[in-house]
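Please read the structure below before turning to the comments.
Chain letters run A, B, ... following the sequence lines, proteins first, then strands; residues in each count from 1.
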Amino acid sequence: MRTFAQDTVNNVGETVTLKGWVNSRRDHGGLIFIDVRDHTGVAQLAIRPEQAEAFARGEQLRDEFVISATGTVVEREEGLRNPNIATGGVEVKVDALTILNRSEPLPIQVMGETMANEDLRLKYRYLDLRRPKMQDMLKKRADMYQRMRAYMDAHEFTEITTPILANSSPEGARDFLIPSRLQAGKFYALPQAPQQFKQLLMVGGVPRYYQLAACFRDEDPRSDRLYGEFYQLDLEMAFAEDGEEVRAVVEPLIKQLATDFAGKKLLSEDIPRIPYLEAMERYGSDKPDLRYEMELTELTEELKNTEFGVFKNALKEGGVIKAIAVPCRHHMFSRKEIDEFTEIAKKEGAGGLPSVTYEAGGFRGGIAKFLSSAESATLEQKLQLDAGEDYGIFFASDNRRVANKVLGKLRAYLADRQELKDPNVIALAWIVDFPFYETDEKTGKLDFGHNPFSMPKGGLAALKREDKTAIIADQYDMVMNGYEICSGGVRNHNPEILYKVFDVLGFDKAYVDERFGAMISAFKYGAPPHAGCAFGVDRMLMELTGESNVREVVAFPKNGSGVDVMMNSPSTVDVAQTDELNLRIIEH
RNA sequence: GGGCUCGUAGUGAAGUCGGCCUAUCACGCCUCCCUGUCACGGAGGAGAUCGCCGGUUCGAAUCCGGUCGGGCCCGCCA
């Protein structure tokens, strides 16, 4: 009868068989200790020369050999116990030992503190996954899936799988294309999201749909963005005409994941709704981390009579002056540090980074000499400076968009640097009211701000407004600790309004019919209003488990170049295969 | 596509403003010893053309140019 490592404590006096990997071997010449590891932990085997056959095999064991050991569980004597491991009070006196498989010396270390670089870990992911931390991660992901399914089922959502072989979508990310054999010269595409299918399910009479959906996008990855494939908790609700209906349904699930599942504290039970423009003004970002304050403070009015040339020029050109006050905590920012921050500001489009320090209740250095005593007093009050604390104060004077962007970037960077993020706290927020259309900074042309299929607030009438950039999309993102974890919207189920949405950008009916034929035609046959959203499962799991790289929460991720270094994919294929698909590979 | 950064035994690091490097340390590996260890211990040993190519120099892991690979960021991600 097989017993697991952690169960040995409950089997004192009994004969057990442990199967697992050799975690470590301590050969004393006349006595061999083996720590055998399985998915439950490690247990100590003691092999004595009296069991000659087992002892001889014990001498051959090396790290990561796979063994089966049978023997009696005995209580360890006083002084021989190891309080550091769960099974440290017992050991197995081995009678018989079988080597089930041998192992060559490992290319990466499974046990111990040194960890190989990521490239090697990914190449030998099957070894990397043996590490308890990775085992734990796999279990956590499964646990999260269970909780999501249980919650969605309990709220009368029906899980429906939608096609993986889908169609190329002209909007959005780059597609993965799949050549069709039966339809020569045509292509499927892997879905970037089940967006159109789930909306068609609404037309199909499904009241509430959800899916743990695989999504595919061929875009360059980031530390919080996987290459290629990722998972979303995708959901949609028929007859929801107000985004609040969706938000109210999903909020308890996310809170439960943050607390019960991740064991963290919520910054607040009430999840704020922050309009996009307000988020940009206060945080310089549409995905602000609310665990720390450091809000952007506008000082345009307060400094309108400034003597400082840079500010004067900005104001003359209709710009704004904004600032953030950064608590110093340990020591005042050095010249070198401020230079470093300046580089960041410049990268975001700032000309420089005017600054001043606030020490011992007064402004010093930097632009301090340009501040009148009246201005100093106003700044102190507007920036809510605490005389007992020292601050570095950083300014942006530019057009509103750039000023917000610069300080927003700096706010996030400095919060990290100053360790203002509490890892045990989850701060949630809904960012709402995204602009439907935006002007492209470079071309000056009008384009969709986000998702063309969401409902413009105010419907058809709103679309006829003169200032198109003032049209608001009924769209909402959920932000968790500075990461966008969910995006959703009230969908546009009205063909007339949908045509108009594209008409604003100069696309005619034929364009819409050609590209979104199934959807626009379905909407003509009694489409119910509907709204929904989709949560990024991987990113959420990353933040909830305190990882800073999303690849850490995926069993077999691709690297930054889109390569699976373990399987060596993508790879070339036989000419016979490409011939069958009517494809010709052009050598580069 | 662009910027920054890293590349040294199987693994992780040190050395990187030219010579004390015949390249250091730890883990791992091999041989021998060891009956109470638990990251066992002890003695000994093997293992690196310093990512690759070229250049400068009396001399290059170290400087320069190129190239390949990784990571982070920008663009991109409706």
Taking OP1 and OP2 of [N], is either one under 4.0 Å from a side-chain nitrogen or oxygen of [X]?
X: Ser561(A); N: G70(B); answer: yes
X: Asn117(A); N: G70(B); answer: no
X: Asn23(A); N: C38(B); answer: no
X: Lys347(A); N: C4(B); answer: no
X: Arg539(A); N: C77(B); answer: no

Which listed nucleotide ([options]) is nearest to the side chain of [X]?
X: Glu219(A); options: U37(B), C29(B), C76(B); result: C76(B)
X: Leu120(A); options: C72(B), G12(B), U37(B); result: G12(B)
X: Asp63(A); options: C29(B), C38(B), G1(B); result: C29(B)
X: Arg217(A); options: G12(B), C77(B), G70(B); result: C77(B)
X: Ser223(A); options: C74(B), G70(B), C72(B); result: C72(B)

Over all strands shown, is [X] touching base, sugar-phosphate only, or nothing at heavy-atom distances under 4.0 angstrom?
X: Lys123(A); result: nothing
X: Gln195(A); result: base
X: Glu78(A); result: nothing
X: Asn82(A); result: base
X: Arg121(A); result: nothing
X: Asn559(A); result: sugar-phosphate
X: Glu348(A); result: nothing
X: Ile85(A); result: nothing
X: Ile108(A); result: nothing
X: Pro107(A); result: sugar-phosphate

Answer yes or no: side-chain N or O of [X] and base N or O of [N] forming a donor-acceptor pair under 3.5 Å.
X: Arg81(A); N: C38(B); value: no
X: Arg222(A); N: G75(B); value: yes
X: Arg62(A); N: C30(B); value: no
X: Arg26(A); N: U35(B); value: no

Exactly one of Glu236(A), Lys198(A), Met455(A), Met237(A) clears side-chain contact (heavy atoms from CB on, under 4.5 Å) with His530(A), and that residue is Glu236(A)

Only one of Asp513(A), Asn494(A), Asp508(A) passes side chain to side chain donor-acceptor pair (under 3.5 Å) with Tyr499(A), and that residue is Asp513(A)

- Message: Would you measure the distance from the P atom in G7(B) across to the matching atom in A61(B) and give it in whole Å?
- Response: 15 Å

Problem set entry | P atoms of C52(B) and G69(B), separation to the nearest Å | 15 Å

- Is His28(A) stacked on the base of C40(B), with ring centres under 5.5 Å apart and planes under 30° apart? yes

Any strand, both distances under 3.5 Å, Watson-Crick or G-U wobble: A61(B) pairs with none

- Query: So, does Tyr437(A) use its side chain to make a donor-acceptor pair with the main chain of Val501(A) at under 3.5 Å?
  - Reply: yes

query: Does any donor atom in the side chain of Asp218(A) or Tyr227(A) lie under 3.5 Å from an acceptor atom in the other side chain?
result: yes

Q. Do Asp234(A) and Tyr209(A) have a side chain donor and acceptor closer than 3.5 Å?
A. yes

Discussion item. Less than 4.0 angstrom from a charged side-chain N to a carboxylate O is my criterion; do Asp477(A) and Lys287(A) meet it?
Written reply: no

Evaluate the ring-ring contact (aromatic ring centres under 6.0 Å, His included) criterion for residues Phe523(A) and Phe453(A): first the C-alpha distance (whole Å), next the side-chain angles of each, then the deciding distance (0.1 Å), finally the verdict. CA-CA 12 Å; Phe523(A) 287 174; Phe453(A) 303 109; 8.5 Å; no

